[in-house]
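Below, all heavy atoms of this structure are taken into account, side chains as well, without hydrogens, waters or symmetry copies. Every value quoted in this text rests on a predicted model; they were computed, and no experiment measured them. Naming: A, B, ... by sequence-line order, numbering from 1 per chain.
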Protein chains: 2
Amino acid sequence: MAETSYEALKLDHQLCFRLYSAARRVTRLYHPFLDPLGITYPQYLALLVLWEAQEPLSVGELGQRLELESNTLTPMLKKLEVAGFVERRRSAQDERVQLVSLTDAGWALRESAAHVPECLYEALGVSDEVAIALVGALDAFSGEMRSGNAGDARQERA
Amino acid sequence: MAETSYEALKLDHQLCFRLYSAARRVTRLYHPFLDPLGITYPQYLALLVLWEAQEPLSVGELGQRLELESNTLTPMLKKLEVAGFVERRRSAQDERVQLVSLTDAGWALRESAAHVPECLYEALGVSDEVAIALVGALDAFSGEMRSGNAGDARQERA
DNA sequence: GCTTAATATATCGTATACGATATAATCGTA
DNA sequence: TACGATTATATCGTATACGATATATTAAGC
């Protein structure tokens, strides 16, 4: 009955809301840099993975890195294909597997995007200390989080 | 030409991806707790604000707290209205303003949701130290971030 | 070799996000 | 007090997210 019973329900006490709003604010910051390239932020992330892999990846492999499944990736990859940045073809060894590879335009886009990270960092206007602290806190959080299938980021609890 | 020029484009170097994936993972954790209540995670956030305000709020006031605009809020609030948790009516003083208030069912839902925060925290499985560190890091980040209109969350640097 | 289980994507339905624009009501001011 | 500017929502179009299910292909067991 007392208001204090609902103390935990206050927005400012929610770690989740901080994450949720910070993620959206940062994503919005990317817009002016990615829009001229003709890609969205999630598409940019998918391209980061492909650029780094240097080889065709299956939808599942992309999904493992991005923590997304085919229900999200398939439509996005189709858009990237229509835009001319990737190609999709079935694996010869396993027809179930859809292999996603970069086109010439997809590789060329990498050069156009080369400065995006530093532009974004500049636009953020956050000091190195705070940014580094946040990265560390997020890694520790993801490492401890249950069902935080953050790949190899898991760590034993001390 | 050298691979090193693209070092910054590696996914693991992206602060933004950590934020993006951590936010999604936490949101997914809410699902089993909010689904029985018949609400989604963004709807839960909107209700948190209304429960805390204790009075009808305009779409704009809700949006300030949630960092969302009418293009997102209007459809969501209509769903909450159809679900019977809120009422929407125009302000008598200013017909432009849509006032959102809780129904009895909306207030009752607060009791059902009272344990959600601790259930979620339990489900997270993250130590207090790590959680507190992340909250601190996110607040410092949001405080410094340019156009980080984090409301009253800004804080002077020590 | 045939049938069933498992796997990899794809599809579908619903619910956000959000830029751009439209609409309606109020305000400011000549 | 008309009327253009401002303000508060709403609408529209596009692009994710994601649970649930469908489809197609391969693997496994008998």
Side-chain angles (χ1 to χ4, degrees), chain A residues 16-17 19-32 34-36 38-47 56-64 66-83 88-100 147, chain B residues 16-17 19-32 34-36 38-47 56-64 66-83 88-100 147:
Chain A
C16 58
F17 177 68
L19 272 175
Y20 161 84
S21 69
R24 284 193 296 117
R25 257 179 287 135
V26 174
T27 299
R28 278 198 297 269
L29 262 194
Y30 272 91
H31 197 267
L34 298 182
D35 209 39
I39 54 175
T40 65
Y41 175 68
Q43 290 169 7
Y44 170 71
L45 293 179
L47 290 170
L57 294 179
S58 70
V59 172
E61 288 168 330
L62 263 171
Q64 277 196 326
L66 299 171
E67 297 176 40
L68 289 171
E69 294 180 20
S70 65
N71 51 6
T72 300
L73 280 175
T74 297
M76 187 204 300
L77 293 170
K78 282 182 177 177
K79 290 187 187 85
L80 282 173
E81 187 176 39
V82 169
R88 303 183 324 135
R89 66 173 197 286
R90 292 287 172 176
S91 159
Q93 289 76 38
D94 187 339
E95 290 276 344
R96 292 172 301 180
V97 172
Q98 184 84 263
L99 288 174
V100 182
S147 78
Chain B
C16 58
F17 177 67
L19 272 175
Y20 161 84
S21 69
R24 283 193 298 116
R25 257 179 287 135
V26 173
T27 299
R28 277 196 297 270
L29 263 194
Y30 273 91
H31 197 267
L34 297 183
D35 209 37
I39 54 176
T40 65
Y41 175 68
Q43 290 170 7
Y44 169 71
L45 293 178
L47 289 170
L57 293 180
S58 70
V59 172
E61 289 167 330
L62 263 170
Q64 277 194 328
L66 299 171
E67 296 176 42
L68 289 171
E69 295 179 20
S70 65
N71 51 7
T72 299
L73 281 175
T74 297
M76 187 204 298
L77 293 171
K78 282 183 177 177
K79 289 186 188 86
L80 283 173
E81 186 175 40
V82 169
R88 302 183 325 135
R89 66 174 196 285
R90 291 289 172 175
S91 160
Q93 288 77 38
D94 188 337
E95 290 275 344
R96 291 173 301 181
V97 173
Q98 184 83 261
L99 288 174
V100 183
S147 78

Engineer: Does any donor-acceptor pair link the side chain of A:S70 with the base of C:dA10 at a separation under 3.5 Å?
Structural biologist: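 Side chain to base: pair found, below 3.5 Å.
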Engineer: Tell me what A:E69 touches on the nucleic acid: a base, only sugar-phosphate, or nothing, going by heavy atoms under 4.0 Å.
Structural biologist: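 No contact.
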Engineer: Does A:R90 use its side chain to pair, donor to acceptor, with the backbone of A:R96 at less than 3.5 Å?
Structural biologist: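 Such a contact is found between A:R90 side chain and A:R96 backbone.
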Engineer: Nearest whole angstrom, please: distance from the P of D:dG19 to the OH of B:Y41.
Structural biologist: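 About 15 Å, once rounded to whole Å.
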Engineer: What's the separation between atom CZ in A:R25 and atom CG in A:L29, rounded to the nearest 0.5 Å?
Structural biologist: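 The CG atom of A:L29 is 9.5 Å from CZ of A:R25, to the nearest 0.5 Å.
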Engineer: In this structure, how many angstroms lie between the C1' atom of D:dA15 and the CG atom of A:L68, rounded?
Structural biologist: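 Answer to the nearest Å: 13 Å.
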Engineer: Under the criterion side-chain contact (heavy atoms from CB on, under 4.5 Å), I'd like the reasoning laid out for B:R88 against B:T74: C-alpha separation, chi angles, the key distance, then a yes or no.
Structural biologist: CA-CA 10 Å; B:R88 302 183 325 135; B:T74 297; 4.2 Å; yes
Engineer: Looking at the side chain of B:K79, which of C:dA25, C:dA15, C:dT9 is the nearest nucleotide?
Structural biologist: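 So the side chain of B:K79 is nearest to C:dA15.
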Engineer: Using 0.5 Å steps for rounding, measure from the CZ atom of A:R24 to the CG atom of B:L66.
Structural biologist: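 With rounding to 0.5 Å, CZ (A:R24) is 8.0 Å from CG (B:L66).
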Engineer: Between D:dT23 atom C1' and A:D94 atom CG, what is the distance in whole Å?
Structural biologist: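 In whole Å, D:dT23 C1' lies 14 Å from A:D94 CG.
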Engineer: Step by step, would you call B:C16 with B:Y20 a side-chain contact (heavy atoms from CB on, under 4.5 Å)?
Structural biologist: CA-CA 6 Å; B:C16 58; B:Y20 161 84; 5.9 Å; no
Engineer: As a check on the pairing definition, encode DNA chain D in dot-bracket form, counting Watson-Crick and G-U wobble pairs whose two distances are under 3.5 Å, and using | for partners outside this strand.
Structural biologist: ||||||||||||||||||||||||||||||
Engineer: Distance check needed: C:dT26 C1' versus B:R90 CZ, whole Å only.
Structural biologist: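 About 13 Å, once rounded to whole Å.
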Engineer: Decide side-chain contact (heavy atoms from CB on, under 4.5 Å) for A:L45 and A:L68; before the verdict, give the C-alpha distance in whole Å, the side-chain angles of both, and the deciding distance to 0.1 Å.
Structural biologist: CA-CA 11 Å; A:L45 293 179; A:L68 289 171; over 6 Å; no
Engineer: Kindly say if B:T74 contacts the phosphate of D:dT11, meaning a side-chain N or O under 4.0 Å from OP1 or OP2.
Structural biologist: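 Negative; the distance criterion is not met.
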Engineer: Heavy atoms under 4.0 Å, any strand shown: does B:T27 hit a base, just sugar-phosphate, or nothing?
Structural biologist: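 Since no nucleic acid heavy atom lies under 4.0 Å of B:T27, the category is nothing.
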Engineer: Look at the side chain of B:T40 and decide which nucleotide, out of C:dT16, C:dA25, C:dT11, has an atom nearest to it.
Structural biologist: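 Output: C:dT16.
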Engineer: Nearest-nucleotide wise, let me know which of A:Q98 and A:R24 is further upstream toward the 5' end of DNA chain C.
Structural biologist: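 Checking each residue's closest nucleotide, the 5'-ward one belongs to A:Q98.
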Engineer: Is any side-chain nitrogen or oxygen of B:R25 closer than 4.0 Å to OP1 or OP2 of D:dC18?
Structural biologist: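 So the side chain of B:R25 is outside the cut-off, no N or O lying under 4.0 Å from OP1 or OP2 of D:dC18.
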Engineer: Classify the angle between the aromatic ring planes of A:Y30 and A:Y44 as parallel (below 30°), tilted (30 to 60°) or perpendicular (above 60°).
Structural biologist: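 Because their plane-to-plane angle lies in the 30° to 60° range, the rings of A:Y30 and A:Y44 count as tilted.
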Engineer: Below the 4.0 Å mark, does D:dA8 have OP1 or OP2 next to a side-chain nitrogen or oxygen of B:R88?
Structural biologist: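 So the side-chain polar atoms of B:R88 never come under 4.0 Å of the phosphate oxygens OP1 or OP2 of D:dA8.
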Engineer: Hey, which sits more toward the 5' end of DNA chain C by its nearest nucleotide, B:M76 or A:E61?
Structural biologist: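 Closer to the 5' end of DNA chain C: A:E61.
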Engineer: If you assign each of A:Q93 and B:L99 to its closest nucleotide in DNA chain D, which residue comes earlier from the 5' end?
Structural biologist: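 Of the two residues, B:L99 wins.
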Engineer: In whole angstrom, give the distance that lies between atom CG of B:D35 and atom C1' of C:dT14.
Structural biologist: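 Computing the B:D35:CG to C:dT14:C1' distance gives 12 Å.
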Engineer: Crowded around A:E81 CD? As in, over 12 foreign heavy atoms under 6.0 Å?
Structural biologist: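 Check passes, neighbour count above 12.
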Engineer: Relative to the 5' end of DNA chain D, which residue comes earlier, B:N71 or A:N71, by the nucleotide with the nearest heavy atom?
Structural biologist: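 Residue closer to the 5' terminus by nearest nucleotide: B:N71.
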Engineer: Establish whether the base of C:dT9 is bridged to the side chain of A:R96 by a donor-acceptor pair shorter than 3.5 Å.
Structural biologist: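 Answer no: no donor N or O sits under 3.5 Å from an acceptor.
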Engineer: Mind calculating the distance between OH (A:Y44) and P (D:dT16) to the nearest angstrom?
Structural biologist: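 Between P of D:dT16 and OH of A:Y44: 15 Å.
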Engineer: Whole angstroms only, please: what is the CD-P distance between A:Q43 and D:dA15?
Structural biologist: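 From A:Q43 CD to D:dA15 P: 7 Å.
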Engineer: Hey, is the side chain of B:Y20 poking within less than 4.0 Å of OP1 or OP2 on D:dA17, counting only N and O atoms?
Structural biologist: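 For D:dA17, OP1/OP2 do have a side-chain N/O of B:Y20 under 4.0 Å.
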Engineer: In whole Å, what is the span from the NE2 atom of B:H31 to the C1' atom of C:dA15?
Structural biologist: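 From B:H31 NE2 to C:dA15 C1': 10 Å.
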Engineer: Side-chain N or O of A:K78 versus OP1/OP2 of C:dT9: is the shortest distance under 4.0 Å?
Structural biologist: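 It does not, given that no N or O in the side chain of A:K78 lies less than 4.0 Å from OP1 or OP2 of C:dT9.
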